[in-house]
Amino acid sequence: MDELNNNDKAVTKNKKNRFELDLTSGNLFWKMPLFALPLALTTTLQLLYTTIDLWTVSTYGGGNNSMSAIGSNSSLISLIITVLVSLATGSNVILSCAKGENNKDKAKKVLHTSFLIATIGGVLVGLIGYFISKYLLIMMNTPNSILDNANTYLQVYFIGLPFLMIYNFGSQMMRALGDSKKPFIILLISGLINVLFDIIFVKFLNMDVFGVALATVISEAVSAIMTIIFFMFNKHGFVCFRFRDLKIDSLSFKEILKIGLPAGIQGLAFSIPNVLIQSSLYSISSYEVNGQLITQEDIIAGSSASQQIENYMFAFIDAFAISLCSFVGQNYGAKNIKNIKKSYWYCMIWMLAFSALFMLIGGLLPYPLLSIFITTNSDVSQTGALIAGKDRLYIMTFTYFLDGIMDVDGNYLRGMKKSTTPALLTLIGCTGTRILFLYTIFNIPFFHTVFWLYSTYPISWILVSLIFIPCILKEQKDVFLHLENKFEYKILTSKLKV
């Protein structure tokens, strides 16, 4: 009886934490956007780091040359962030399952193990990246005219990697608990700090690319510190952080890696071809549109600008796919099969709705959007860069929903602790298809164009989405059978105790 009373008190205490949503009950259709939109806004603020960097150097620094130097890092940085977020997904899934099971002891071990993984991993990868950054850029065929500036930005970025790791792991764990608002608050504050230091370093101290990179690292450090502080003062939440509990729990470590490593490999497999596509872009010297010569410099500047816009659009599409991991994870822990199915379809509906919205925006306003990043204060032809940017923006905007379907399917399986299947499908479907295309068909003169280069994205998305259908049907059947057996066993044992 005392134990039951204590549990009731604990539940009452947890209700005081208005940030942590229960993703296993209530109207999940409306909880989905309530949870996903702060996540999308968080990603948007994170993207603002790079966007503000581009705008600041374009306006107050070295113009489009500096902007292209930062933009040339976008694929590599996207690769790094994708892998880190994917690795942190392991913490998200295991912690959300622990909350669904109401297992606080397990949650504590997962939390502290995750922060140690983030810190140690961030330091190691940051050190390696710092010393090989120039070689990575050379491997990508980065033009000599922007190589030094691109290397400066990337080296400083690697210095801040431990902070980025801590924030990403921390924010994933907040979401696992049903809290997508605190990560947004953290990024809002650190983003404002980033803007402030961008202007100070570039406009007043003339530090150009180095200045915006340093400002980014400072803001990332702030976000990491705030993440730790939020968990330390999460007294009324499901789990809180204490330095004395910092140690690696072997079982939690294995569970996190079991989910996180395949997800990280998937992120890597997904991003490597993107780096190769960026590199292949440099092999297109020029092309002509309605009598307007589009130079290589125009192509690079237009692609960088378009990619920034795409990232903002995709932030909202991907937010629902990422949210699905937490919804499915908590309901997996609670053994609620009905809500797992509902979460999948609700997520798909919301993702497609936002995809349609961005198709409309991208289709109607390509030039006004691109002009935010491609200015007259430029080393390239503004007209040429706008045309090159529009060519990419149209292809990506009208097909991004295919990537959304693929991501929703992957996160659905991952939330049920099935992380290997999405990784293998991405490795074969995305990585294999794109690399095969780049080293065969793309070398044929007819296909050696900007249009066909960017078309590799939707082609691979269609392929993987189709393969996902039978895989999901098989995997979810096994998972649901497992959950039903566990639920029946729990009922049987509780009756025997009575």
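The shown structure was predicted, so the numbers you read here are calculated from the model rather than taken from an experiment.
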Between [X] (side chain) and [Y] (backbone), is there a donor-acceptor pair under 3.5 Å?
X      : Y      : value
Asn194 : Ser219 : no
Ser306 : Ser303 : no
Ser171 : Asn168 : yes
Ser460 : Cys430 : no
His448 : Asn443 : no
Asn73  : Ala69  : yes

Determine the minimum heavy-atom distance between [X] and [Y], stating which atoms define it.
X      : Y      : result
Pro38  : Phe184 : O-CB, 3.9 Å
Pro422 : Leu413 : CG-CB, 4.0 Å
Met67  : Ala301 : CE-O, 4.3 Å
Gln172 : Ala88  : CG-CB, 3.5 Å
Ala221 : Phe163 : CA-CG, 3.6 Å
Asp409 : Ser465 : OD2-O, 4.4 Å

**Request:** Please say whether more than 12 non-hydrogen atoms of neighbouring residues, nucleotides or ligands are located less than 6.0 Å from CZ in Phe233.
**Result:** no
**Request:** For Phe447, look at atom CZ and say whether over 12 heavy atoms of other residues, nucleotides or ligands are found less than 6.0 Å away.
**Result:** yes
For residues 200-213, tabulate all N or O donor-acceptor pairs below 3.5 Å that involve a side-chain atom, not counting sequence neighbours.
from, atom 1, to, atom 2, distance (Å)
Asp208, OD1, Gly62, N, 3.0
Asp208, OD1, Ser66, OG, 3.2
Asp208, OD2, Ser66, OG, 2.8

Centroid-centroid under 6.0 Å between [X] and [Y] rings:
X      : Y      : result
Trp461 : Tyr400 : yes
Trp55  : Tyr60  : yes
Phe169 : Tyr167 : no

**Check against side chain to side chain contact (heavy atoms under 4.5 Å, CB included), Thr89 and Cys325** = CA-CA 8 Å; Thr89 302; Cys325 216; 3.8 Å; yes
**Request:** Before giving the answer on side chain to side chain contact (heavy atoms under 4.5 Å, CB included), spell out for Met313 and Ile361 the whole-Å C-alpha distance, their side-chain angles and the decisive distance to 0.1 Å.
**Result:** CA-CA 10 Å; Met313 293 181 177; Ile361 294 172; 4.3 Å; yes
May I ask you to decide if the ring planes of [X] and [Y] are parallel, tilted or perpendicular, using 30° and 60° as cut-offs?
X      : Y      : answer
Phe327 : Phe35  : perpendicular
Phe320 : Phe354 : tilted
Phe231 : Phe115 : perpendicular
Tyr457 : Tyr454 : parallel

**Asked** Does a donor on one side chain sit under 3.5 Å from an acceptor on the other, for Ser91 and Ser114?
**Response** yes
**Item:** Donor-acceptor side-chain pairing of Glu20 and Asn234 below 3.5 angstrom
**Value:**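 Distance-only check passes for Glu20 and Asn234.
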**Item:** Verdict with reasoning, Arg175 to Ser323, per side chain to side chain contact (heavy atoms under 4.5 Å, CB included)
**Value:** CA-CA 8 Å; Arg175 290 162 193 153; Ser323 298; over 6 Å; no
Which donor-acceptor pairs under 3.5 Å do the side chains of residues 130-138 make with protein atoms, sequence neighbours left out?
from, atom 1, to, atom 2, distance (Å)
Ser133, OG, Tyr130, O, 3.4
Ser133, OG, Asn151, OD1, 2.6

**Request:** Give the C-alpha distance, both sets of side-chain angles, the deciding distance and a yes or no for side chain to side chain contact (heavy atoms under 4.5 Å, CB included) between His112 and Ile248.
**Result:** CA-CA 7 Å; His112 293 87; Ile248 292 181; over 6 Å; no
**Complete:** Of Ile117, Leu111, Leu116, Val110, the one forming a side-chain contact (heavy atoms from CB on, under 4.5 Å) with Thr113 is Ile117
